[in-house]
Amino acid sequence: MPFLGQDWRSPGWSWIKTEDGWKRFEYFNHKLGDNINELSLEELDNDKENVYVGDVCEVAAKKRKKDFFNNNTKSQFLFQERWIYVQKESTRERHGYCTLGEAFNRLDFSSAIQDVRRFNYVVNLLQLIAKSQLTSLSGAAQKNYFNVLEKIVRKVLDDHQNPRLIKALLNDLSSTLCILIREVGKSVLIGNINIWVCRLETILNWQQQLNNLQIPKQVSNGMTLSDLPLHMQNNILYKFSDACDIINLGQATPTLHMLSEDRHLWKKLCQFHFAEKQFCRHLILSEKGHVDWKLMFFTLQKYYPQKEQYGDTLQFCKHCSILFWNDRHLALIFKDSGHPCTANDPDSCLTPVSPQHFIDLFKF
């Protein structure tokens, strides 16, 4: 049977709990709501909120609420769920499709950058968006993108961790913005050109702050990395999957420099990132006739992509077609799959999503 009036799925009124029981939450003073007809014209003129009588009062409330959320650019979008249904075509039940910008708004990336396991994942995703997908984002998604980026820069300036990743991200983003501004008119830009110029100036300012970043020397009276036994320092180096991290750590002490030049270490790194067939195509021998694995690694990375490794990634449920963050602690304690899954065994339907796969999900 068809129904008339407002949508039955409307959230309805907002309620707050008081000592006298539950009361409806109002954006205006209850005296204005109950005694609006008793106010004189002078009181209405002097009222700072400029409350109008009748229907105009309700319209003003809705407009004020909308302007508050639109002007509050630092706040993230009001989605409490950490999942989104990925829809690629229209069906009888669902019309339309999900876009990259909508997914970026719905998934909580602001909280993800506070998690050390997800930080590199979010940074690499922002870097891929900056290279090719920035103009495809909606205006709201672009605003959210730069808000998340600002939080990342502030975090790096405060804790002095991962500055190299952010410098690479800002370099790619500044190059993209320079091309968009220089070729304005050839590509579709959402917003005024002055907004993009202002964004470019902000990025250049962030780059200058990162270049001037001085990391203070850690003064500790306890045990340091150099105090560990030699085999433990060697085991730590074997846990690294980034060649730049190995080289930087090797510059700390002469002992670490010796360990970072180990042939077996670079051989393991090459075997981790590349296949054996790729070794044969770019085999490099040293003067003694041995394979120079360190030089081979930097040669191979010019031709082949490196294997990505993250502490935590987004998960995609093949049964529900839902993209979400999976909180492992909640999953162990409450047996929560992280999304409303109807499968008998939700864990068997999950697939980790790389940053490139995330972008490919929304290419139609």
Side-chain angles (χ1 to χ4, degrees), residues 112 115-129 131-132 161-169 171-172 224-316 318 326 328 347-361:
D115 191 338
V116 66
R117 301 170 304 168
R118 300 174 179 175
F119 183 83
N120 291 359
Y121 180 86
V122 177
V123 172
N124 289 339
L125 176 60
L126 294 182
Q127 191 170 8
L128 289 178
I129 293 177
K131 290 180 179 179
S132 59
Q161 296 182 7
N162 300 307
R164 179 171 55 87
L165 293 176
I166 310 307
K167 288 181 181 179
L169 168 59
N171 288 335
D172 292 337
T224 61
L225 182 61
S226 58
D227 297 331
L228 296 175
L230 195 62
H231 70 279
M232 295 185 66
Q233 297 184 37
N234 193 36
N235 290 337
I236 293 174
L237 282 171
Y238 270 82
K239 298 296 182 181
F240 286 10
S241 61
D242 193 335
C244 294
D245 292 338
I246 295 177
I247 294 176
N248 292 334
L249 185 59
Q251 298 174 356
T253 62
T255 302
L256 289 172
H257 176 72
M258 178 191 66
L259 296 175
S260 64
E261 297 294 330
D262 185 16
R263 291 180 59 254
H264 296 285
L265 173 64
W266 289 98
K267 180 180 179 179
K268 290 289 185 182
L269 196 63
C270 289
Q271 292 175 346
F272 176 78
H273 287 286
F274 309 106
E276 293 184 2
K277 294 182 180 180
Q278 299 169 349
F279 297 159
C280 301
R281 299 176 183 177
H282 304 277
L283 192 62
I284 300 176
L285 300 178
S286 62
E287 297 178 355
K288 297 181 180 180
H290 301 294
V291 178
D292 192 341
W293 291 104
K294 182 178 180 181
L295 186 58
M296 269 192 61
F297 176 84
F298 290 103
T299 303
L300 290 171
Q301 73 172 2
K302 297 179 182 179
Y303 299 97
Y304 309 105
Q306 299 183 37
K307 183 178 179 180
E308 297 181 352
Q309 186 180 32
Y310 304 103
D312 192 12
T313 65
L314 286 168
Q315 300 288 329
F316 181 74
K318 295 179 289 185
N326 189 13
R328 298 178 181 178
D347 294 336
S348 62
C349 304
L350 301 184
T351 302
V353 178
S354 65
Q356 185 61 53
H357 186 199
F358 177 86
I359 295 177
D360 294 340
L361 281 175

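Index from 1, following the sequence.
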Any heavy-atom pair between the side chains of K267 and Q271 that's under 4.5 Å? yes
With side chains defined as the heavy atoms from C-beta onward, is the minimum distance between I359 and I129 less than 4.5 Å? yes
Residue set satisfying ring pair (Phe, Tyr, Trp, His ring centres under 6.0 Å) with F316, at least two apart, ordered chain then number -> none
Could you list the residues that satisfy ring pair (Phe, Tyr, Trp, His ring centres under 6.0 Å) with F274, not counting sequence neighbours? F297
[atom1]/[X] to [atom2]/[Y] distance, rounded to the nearest 0.5 angstrom?
{"X": "S260", "Y": "Q233", "atom1": "OG", "atom2": "CD", "value": "11.0 Å"}
{"X": "L125", "Y": "H357", "atom1": "CG", "atom2": "NE2", "value": "12.5 Å"}
{"X": "Q301", "Y": "C270", "atom1": "CD", "atom2": "SG", "value": "9.5 Å"}
{"X": "T299", "Y": "K294", "atom1": "OG1", "atom2": "NZ", "value": "12.0 Å"}
{"X": "L256", "Y": "L249", "atom1": "CG", "atom2": "CG", "value": "4.5 Å"}
{"X": "L300", "Y": "Q278", "atom1": "CG", "atom2": "CD", "value": "6.5 Å"}

Does NZ in K167 sit with more than 12 non-hydrogen atoms of other residues, nucleotides or ligands closer than 6.0 Å? yes
Classify the ring geometry between F298 and W266 as parallel (under 30°), tilted (30 to 60°) or perpendicular (over 60°). tilted
Report the C-alpha distance between T253 and H257 in whole Å, list the side-chain angles of each, state the deciding distance to 0.1 Å, and finish with yes or no for side chain to side chain contact (heavy atoms under 4.5 Å, CB included). CA-CA 6 Å; T253 62; H257 176 72; over 6 Å; no
Partner residues of Y310 under the side-chain contact (heavy atoms from CB on, under 4.5 Å) criterion, sequence neighbours left out: N120, Y121, N124, E308, T313, P355
Can you name the residues that form a side-chain contact (heavy atoms from CB on, under 4.5 Å) with K302, not counting sequence neighbours? none
Name the atoms and distances for all side-chain donor-acceptor pairs under 3.5 Å in residues 236-244, with sequence neighbours left out.
unit_1	atom_1	unit_2	atom_2	d
Y238	OH	D262	OD2	3.3
Y238	OH	L265	N	3.4
S241	OG	Q309	OE1	2.9
D242	OD1	C244	N	3.0
D242	OD2	R164	NH2	3.0

Test your reading of the model: is there a side-chain donor-acceptor pair from H273 to the backbone of K307, 3.5 Å cut-off? yes
Run the numbers on Q315 and T351 for side chain to side chain contact (heavy atoms under 4.5 Å, CB included), then give the verdict. CA-CA 6 Å; Q315 300 288 329; T351 302; 5.7 Å; no
For residues 224-231, which side-chain donor-acceptor pairs fall under 3.5 Å, sequence neighbours excluded?
unit_1	atom_1	unit_2	atom_2	d
T224	OG1	S226	OG	3.2
T224	OG1	D227	OD2	3.1
D227	OD2	T224	N	3.1

